[in-house]
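Treat the numbers as computed from the prediction; the structure is a model and nothing was measured. Note that these values count all heavy atoms, side chains included, but never hydrogens, waters or copies made by symmetry.
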Amino acid sequence: MTGNSSVLLTYVFPTIGCLISLLTFSSSFVAVLQVRRTKRLGELNPIPYTGILGLTSGQVIYGSLIKNWFVFCANAPGLLIGLWLILSTIPHATPKVQNIMTAVIMILAMYYSVIALVTTHLEVSNEKRNTIWGFAAAVSLVFFYIGPLSTLVKVVRHKDSSSLNPPFSIMVFLNVVMWLSYGLAIRNPFIWVPETIGGALSTTGLVLMMIFPR
């Protein structure tokens with residue numbers, strides 16, 4: 001890897017990734033503000049917002065532990081945004097969706113509590129601690145990416161992509177490109193492996209929006 005490409009992949013790409021992450025987490029602002037005004041969700045699927053909460057929580061902790069401020073800064077604002085998105089949409093969701101979102105939040109709380117207990121109260125080296133949290137953060141990121149999977153199935157079944165949010169989908173795809181490149185450059189599988197999965201799913205969503213336009 002040349003010096004210029006090294007700088008590009010290890011500094012420029014993650015910096016852009018931080019900005020795109022913020023745009024990704026914020027891409028539903030207009031839709032959610034509409035929900036707050038009308039008090040109706042319409043076709044908006046709020047379940048992925050619990051995924052934002054889950055992935056940002058894990059990534060903030062992992063980024064702090066390994067002292068990777070790109071990872072930390074990309075996710076800290078998203079943690080606050082995720083909370084706002086959930087609190088703004090869950091009151092207007094159907095009982096079924098409310099139950100799903102509540103269950104996900106409870107599971108996330110238990111998930112991270114158990115990991116915190118294991119890594120702080122057992123004799124775990126710093127390296128193993130970072131590995132455990134890296135794995136935990138990667139798992140939460142994968143679940144974020146597969147969150148809209150039920151929506152993709154619905155799109156194919158009804159041949160209607162109105163339940164997909166184009167700005168959000170595009171931002172997720174661009175975000176994946178930046179972080180996948182960065183993860184490969186620094187050889188961190190806890191970054192590039194889940195981003196590979198995210199890339200496949202986000203590409204699928206974009207293709208479906210082209211095949212079944214609104």
Side-chain angles (χ1 to χ4, degrees), residues 17-60 73-112 140-176 179 194 197-199 201-214:
C18 287
L19 297 175
I20 295 179
S21 292
L22 180 60
L23 292 174
T24 301
F25 298 138
S26 306
S27 62
S28 295
F29 263 25
V30 173
V32 172
L33 285 174
Q34 179 71 12
V35 171
R36 290 172 67 92
R37 283 195 296 268
T38 63
K39 302 187 185 307
R40 294 181 59 188
L41 277 181
E43 292 295 328
L44 182 65
N45 177 17
I47 295 176
Y49 300 151
T50 59
I52 293 178
L53 178 64
L55 87 89
T56 53
S57 300
Q59 296 290 342
V60 163
C73 292
N75 290 279
L79 179 58
L80 298 177
I81 293 171
L83 285 170
W84 181 81
L85 293 173
I86 291 170
L87 294 174
S88 297
T89 56
I90 197 169
H92 311 297
T94 63
K96 179 181 178 180
V97 171
Q98 287 181 347
N99 290 337
I100 292 173
M101 294 176 72
T102 301
V104 171
I105 293 170
M106 298 285 287
I107 290 170
L108 285 171
M110 183 177 295
Y111 176 62
Y112 287 125
S140 66
L141 182 54
V142 169
F143 273 100
F144 167 73
Y145 283 133
I146 67 175
L149 196 56
S150 60
T151 303
L152 297 182
V153 173
K154 180 181 177 182
V155 169
V156 173
R157 183 179 300 155
H158 297 284
K159 295 179 171 47
D160 178 12
S161 67
S162 60
S163 58
L164 295 176
N165 186 322
F168 185 77
S169 300
I170 293 170
M171 287 298 103
V172 167
F173 177 78
L174 294 176
N175 202 35
V176 164
W179 290 107
I197 297 171
L201 291 173
S202 61
T203 301
T204 300
L206 292 175
V207 170
L208 288 176
M209 281 190 286
M210 289 187 287
I211 296 175
F212 307 119
R214 293 181 172 219

Less than 4.5 Å apart, side chain to side chain, heavy atoms only: is that true for Gln34 and Val30?
no
Check for a donor-acceptor pair, side chain of Ser28 on one end and backbone N or O of Ala31 on the other, with a separation under 3.5 Å.
no
Among all residues two or more places apart in sequence or in another chain, which pass the side chain to side chain contact (heavy atoms under 4.5 Å, CB included) test with Arg157?
Val153
Under the side chain to side chain contact (heavy atoms under 4.5 Å, CB included) test, which residues partner Leu174, sequence neighbours left out?
Ile20, Ile170, Met171
Could you give the distance from CZ (Phe25) to CG (Leu79), rounded to the nearest 0.5 Å?
9.5 Å
Roughly how far, to the nearest 0.5 Å, is OH of Tyr49 from CD1 of Ile105?
13.5 Å
Heavy-atom nearest pair, Ser26 first then Ile81, reads OG-CD1, 3.5 Å
So does Ile47 get a backbone contact from the side chain of Thr50, meaning a donor-acceptor N/O pair under 3.5 Å?
yes
Is the backbone of Asn99 close enough, under 3.5 Å, to the side chain of Thr102 for a donor and an acceptor to pair up by distance?
no
Should Ser57 and Leu108 count as side-chain neighbours, where that means a heavy-atom distance under 4.5 Å?
no
Rounded to the nearest 0.5 Å, how far apart are CG of Leu23 and CG of Asn175?
9.0 Å
First locate atom OG of Ser140, then atom CD1 of Ile52, and finally report the distance between them rounded to the nearest 0.5 Å.
12.0 Å
Under a 4.5 Å cut-off applied to non-hydrogen side-chain atoms, are Phe144 and Thr56 in contact?
no
One should read off an interatomic distance between Phe173 CZ and Leu201 CG, to the nearest 0.5 angstrom, of 12.5 Å
Contact summary for Val35 and Ser88, nearest pair of heavy atoms
CG1-O, 4.2 Å
Short question: side chain of Tyr112, backbone of Gly54 - any donor-acceptor pair under 3.5 Å?
yes
Heavy atoms only: give me the nearest Ser21-Trp179 pair and the separation to one decimal.
OG-NE1, 3.2 Å
Euclidean distance, Gln98 CD relative to Met101 CE, rounded to 0.5 Å
8.5 Å
Name every donor-acceptor pair, under 3.5 Å, that has one atom in a side chain of residues 202-211 and the other anywhere in the protein, sequence neighbours excluded.
unit_1 : atom_1 : unit_2 : atom_2 : d
Ser202 : OG     : Gly198 : O      : 2.9
Ser202 : OG     : Gly199 : O      : 3.2
Thr203 : OG1    : Gly199 : O      : 2.7
Thr204 : OG1    : Ala200 : O      : 2.8

